[in-house]
2 protein chains.
Amino acid sequence: MRYTNNIHMGITRADLFTAEQNHIANIIKALGHPARIAIIEYLLKVNVCICSDIVEELPLAQSTISQHLKELKNAGLIKGNIEGTSICYCIDEKTFGFLKNYFGGIMVNTQNQKCC
Amino acid sequence: MRYTNNIHMGITRADLFTAEQNHIANIIKALGHPARIAIIEYLLKVNVCICSDIVEELPLAQSTISQHLKELKNAGLIKGNIEGTSICYCIDEKTFGFLKNYFGGIMVNTQNQKCC
DNA sequence: TTTGTATATCGCAATATTACGATTAATTAT
DNA sequence: ATAATTAATCGTAATATTGCGATATACAAA
């Protein structure tokens, strides 16, 4: 199977892979940035916080932090609830449980495999 | 803390985060693409294979598959050993174990956290 | 009503990523 | 020696991502 037209550069074509593969890749991709790892680790430490707390914690502009929070939220890695004038963010343990299971499953499959 | 010069766009500045945060982000980023998820899942199924097997399995050109394999190998997610004229690839269970532990640790921290 | 606080969105610039075909390099078979 | 096979690398084009400042929005306080 190959592309049927000339438009084939630079874009990840979701229709070439299974829905499950695209789904797991999207979640993992959202975590694949040091700023977003730092946000997750900060959330683990403080349990719950608002955006401006993270802006104080990390060396990035407010708009950049907001963007990263949006990506984490879209991927289901964090939850954000409106609380007065600010938004209360926390880890979404459901998605992290999914990731833990995914990697746990890989480890089970890999056990007593002999490699080249 | 802010950037001290004007060069600040589009680049992820590794020096802004801890070595550990950059390390985990790099590994996770390498997995954050459906083609690379598909390669890993194929390797889990067949245990061991060569590049041309994957080229037959996935709807991508040989050069593209080779590029993805390089990224997975650089991240320590797969191993590749020369075997005659071809290269034998397999999962590197060490790095997947690291990921499993990372997410396991997050789950432990998240347990009995009450969110907003 | 105006001011302040908190966050999201817009527009832009620069770099990174993804994908291809073509080529190269290295090994094996004829 | 030549041809075939396997995989990596190069060059290129297009899209995606990252980051900023500026602006917009929404609510609370004065």
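Each chain gets a letter, A, B and so on, in the order its sequence line appears, and its residues count up from 1.
- Atoms CZ (B/Phe17) and C1' (D/dT18) sit 11 Å apart, rounded to a whole Å.
- Phosphate proximity of D/dC20 to A/Thr64: present, with a side-chain N or O under 4.0 Å from OP1 or OP2.
- Look at CG on B/Asn74: it is 11 Å from P on D/dA8, rounded to the nearest Å.
- For B/Gln62 and D/dT9, the CD to C1' distance is 10 Å, given to the nearest whole Å.
- When each of A/Thr85 and A/Glu71 is assigned the nucleotide of DNA chain D bearing its nearest heavy atom, the one mapping closer to the 5' terminus is A/Glu71.
- For the OP1/OP2 pair of C/dT7 and a distance below 4.0 Å, the side-chain nitrogens and oxygens of A/Ser52 include at least one atom meeting the criterion.
- Listed pair A/Ser66 / C/dA8 meets the phosphate criterion, a side-chain N or O lying under 4.0 Å from OP1 or OP2.
- Between A/Lys29 and D/dT17 there is a side-chain polar atom (N or O) within less than 4.0 angstrom of OP1 or OP2.
- Between the P atom of C/dT5 and the CG atom of A/Asp53 lies a distance of 15 Å, rounded to the nearest Å.
- A/Leu69 comes within 4.0 angstrom of nothing in the nucleic acid, heavy atoms only.
- B/His68 has no side-chain polar atom (N or O) that falls below the 4.0 Å cut-off from OP1 or OP2 of C/dT17.
- Base engagement by A/Ser63 is indicated by at least one non-hydrogen atom pair under 4.0 Å involving a base atom.
- Side-chain atoms of A/Asp92 and A/Leu77, non-hydrogen and from C-beta on, never get closer than 4.5 Å to each other.
- Counting only distance, with no hydrogens or angles, the side chain of A/Asn26 and the backbone of A/His23 share no donor-acceptor pair below 3.5 Å.
- If you run side-chain contact (heavy atoms from CB on, under 4.5 Å) between A/Phe96 and each of A/Ile40, A/Ile78, A/Asn101, A/Leu44, only A/Ile40 comes through.
- With rounding to whole Å, A/Asn26 atom CG is found 12 Å from C/dT18 atom P.
- With hydrogens and angles left out, the side chain of B/Gln67 and the base of D/dA8 share no donor-acceptor pair within 3.5 Å.
- Proximity of B/His33 to the phosphate of C/dA19: a side-chain N or O atom is located under 4.0 Å from OP1 or OP2.
- Distances shown here put every side-chain N or O of A/Tyr89 at or beyond 4.0 Å from the OP1 or OP2 atom of C/dA6.
- Of the side-chain N and O atoms in B/Lys70, none sit less than 4.0 angstrom from OP1 or OP2 of D/dA8.
- Under a 3.5 Å cut-off, the side chain of A/Asn47 and the backbone N or O of A/Leu43 do not form any donor-acceptor pair.
- Here D/dT17 presents its C1' atom at 18 Å from CD1 of A/Ile28, a figure rounded to the nearest Å.
- The nearest whole Å value for the distance from the CD1 atom in B/Ile65 to the P atom in C/dC20 is 8 Å.
- Between the side chain of B/Arg36 and the backbone N or O of B/Leu72 there is no donor-acceptor pair closer than 3.5 Å.
- If you take CD1 of A/Ile87 and C1' of D/dA26, they are 10 Å apart, rounded to a whole angstrom.
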